[in-house]
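Read through the structure below, which is laid out as structure tokens, and then see the notes.
This chain uses plain numbering: 1 for the first residue, then up along the sequence.
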Amino acid sequence: MNKYIFLALAGLVSSTGLMAQQRSIPRPSCTTILSEAMFSRKDTVKERGVADNYHTWENGATLKVKFMGGGGGKVLRDKVMMYAKEWEKWGNVKLNFVADNDPKTDIRVKLGQGRGHNSAVGTEAIFRSQEEQTMNFDTIYLADIDYYISKLKQKKNYGPYNVKHIEEEMRLEPNRWAEKELRRVVMHEFGHALGLLHEQSFPGAVKWNKSDSVYNYYLETQGWNRAKVDFNVFEVAEQFYTNGTAYDPKSIMHYSIEPWQTTDGYSLPDNYELSAGDKTLFAALYPKGRKESVNLVPKIQISNFTKLTVTTNATRKGLVIQPAFDLKTNSVLGEVYFVARLATEDGYYVKSNGLFYNWGGSVAAYKKMNLLPNSKVSYNKLKKNLELFLPFEYIPDLKGENVVVEFTVYLNDSKNNQWNKLMYFSNSSPMSLPAR
Ligand SMILES: [Zn+2]
């Protein structure tokens, strides 16, 4: 059975392996917040790439960004803002930092401890609730560790050091930041938030040594399991996502590589600047003086998702599923599917046994929608105009177990041979089905 997405998301974000080491504290690599690309389900597309064109923001957008309440002092916040805004110079998108109590924002930054550095990719941030961060910085790894260790040595503490020692020193003397590393990490994470992906996923770029030693390295330094290493390190993008660019070893979106991690001894240091390639790609995704991206693909934006109503209808003998939201298309039309999948309360999709009401092996009701380019549609707001119906007879006997309905929106771009781009998901509260 397939683990159901909502629970999976909640469980897979954290990434930092805190290890007490002799001299230094390992630095967390960044993870993009994982969506269903993590799971080897037949109906999802796992490819990631250099830029996720389907999840870039609208060209010319001003994105509202806030810090999650309480996290990070003014000094650190000012630095994050300053480095994030370096992207603005190279493309037609603005980051508007607003007050912590702003109720509706596009990007939400948490400055705190644990959970590693990570970010949702572009508009995937829309799937997250307003109460949840879309970007996380593990601030202890941005501190000037060498400085704090020198303070410990002055106190005749010669190690081994752990995170608690550094935290204590940071309390005594805050705001000693590893400036170069801080700037690199902020630009990298905001690169994700604006739709960029890891450059090491460029097809054919890195010949990884997929040995236990590499998996163990990431397990020990990051606490990542094998699936997470596959996703964040080894994943290879389709050529399509390169946007016609050449492999760019100087990209801010590239991990550093040790020679033993590759079969041919290839290695790379950390990159601390936006490369010429980063700037060119960014300018193509968000061109100044043009209405839309140079490499335009079909996209849809879901907003104002207010509720997912699921009712049992005894007369019609089935579940009536009515999500309420607004949908906006761009000028290129793709195929859109609305899918309502059934999951059990403990987190598994309900397996389908038949040909009908079956989406990738799971019990589901779905609809293909024909939408017009450059249009806006409201569903189930002023009038009831979208219903997915799942007959009881297609639901296997769950022996009284409660169910959850997961509503997702997928986009297909047949022209570019790109399928099942996840554009939105939401889930209902647990409910019981009528007894058999
Ligand atoms: Zn990253």
Side-chain angles (χ1 to χ4, degrees), residues 1-17 19 26-52 54-55 115-122 124 127 136 138 188-189 191-192 195-242 247 249 251 253-268 347-349 360-361 418-422:
M1 276 204 280
N2 297 311
K3 193 76 179 160
Y4 154 68
I5 182 168
F6 183 78
L7 299 176
L9 268 171
L12 284 163
V13 177
S14 73
S15 66
T16 315
M19 308 285 292
R27 188 191 67 195
S29 288
C30 146
T31 58
T32 53
I33 287 177
L34 305 178
S35 57
E36 25 176 39
M38 260 317 280
F39 309 98
S40 53
R41 293 207 305 247
K42 284 196 189 83
D43 61 338
T44 58
V45 172
K46 297 193 292 293
E47 291 80 10
R48 309 293 277 181
V50 178
D52 184 345
Y54 299 92
H55 293 104
R115 299 168 67 95
H117 309 314
N118 53 58
S119 171
V121 173
E124 288 184 355
F127 313 158
N136 197 73
D138 205 340
H188 179 104
E189 296 310 330
H192 285 313
L196 300 184
L197 298 163
H198 287 141
E199 185 71 17
Q200 68 265 16
S201 67
F202 196 100
V206 182
K207 294 171 188 70
W208 293 104
N209 168 18
K210 295 186 186 178
S211 63
D212 285 350
S213 53
V214 175
Y215 284 109
N216 287 340
Y217 169 81
Y218 282 102
L219 179 65
E220 282 164 19
T221 59
Q222 313 297 335
W224 290 354
N225 62 23
R226 291 177 86 95
K228 206 155 187 180
V229 176
D230 287 339
F231 181 80
N232 277 299
V233 184
F234 297 151
E235 182 103 46
V236 176
E238 270 189 62
Q239 197 68 41
F240 175 76
Y241 285 94
T242 65
Y247 169 60
S251 170
M253 304 310 292
H254 209 311
Y255 280 10
S256 57
I257 302 176
E258 304 283 339
W260 61 270
Q261 296 178 318
T262 55
T263 56
D264 56 359
Y266 181 65
S267 67
L268 269 187
Y348 292 93
Y349 285 132
Q418 299 293 318
W419 312 96
N420 294 330
K421 305 293 164 192
L422 179 66

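- A search for side chain to side chain donor-acceptor pair (under 3.5 Å) contacts involving Asn209 returns Ser211, not counting sequence neighbours.
- Once rounded to the nearest 0.5 Å, the distance linking OG1 of Thr242 with CZ of Phe202 reads 4.5 Å.
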I would like to know whether His188 and His198 meet ring-ring contact (aromatic ring centres under 6.0 Å, His included); could you show each step before the answer? CA-CA 9 Å; His188 179 104; His198 287 141; 5.3 Å; yes
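- Interatomic distance, Gln261 CD to Trp208 CH2, rounded to the nearest 0.5 Å: 5.5 Å.
- Closest approach of Asp52 to Glu124, counting heavy atoms only: OD2-OE2, 4.2 Å.
- Heavy atoms only, all atoms of each residue included: Leu196 and Ala51 are closest at CD2-CB, 4.0 Å.
- Qualifying side chain to side chain contact (heavy atoms under 4.5 Å, CB included) partners for Tyr215, counting only residues two or more places apart in sequence or in other chains: Arg226, Val229, Asp230, Phe234.
- Here the shortest heavy-atom pairing between Tyr266 and Pro249 reads OH-CB, 3.6 Å.
- Between the side chain of His55 and the backbone N or O of Ala120, no donor-acceptor pair lies under 3.5 Å.
- No side-chain heavy atom of Tyr218 sits less than 4.5 Å from a side-chain heavy atom of Asn225.
- His117 contributes a side-chain N or O that, together with a main-chain N or O of Asp138, makes up a donor-acceptor pair within less than 3.5 Å.
- When side chains are defined from C-beta on, Thr262 counts as touching Ile257, because their heavy atoms get closer than 4.5 Å.
- No option in Gln200, Glu199, His254 other than His254 meets the side-chain hydrogen bond (donor to acceptor under 3.5 Å, both in side chains) test with Tyr247.
- Contact annotation: the side chain of Ser213 approaches that of Trp260 to within less than 4.5 Å [non-hydrogen atoms, C-beta and beyond].
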Tyr54/Tyr241 under side chain to side chain contact (heavy atoms under 4.5 Å, CB included): CA gap, chis, key distance, verdict: CA-CA 10 Å; Tyr54 299 92; Tyr241 285 94; 4.0 Å; yes
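- In this structure, Leu268 and Tyr255 approach most closely via the heavy-atom pair CD1-O, 4.2 Å.
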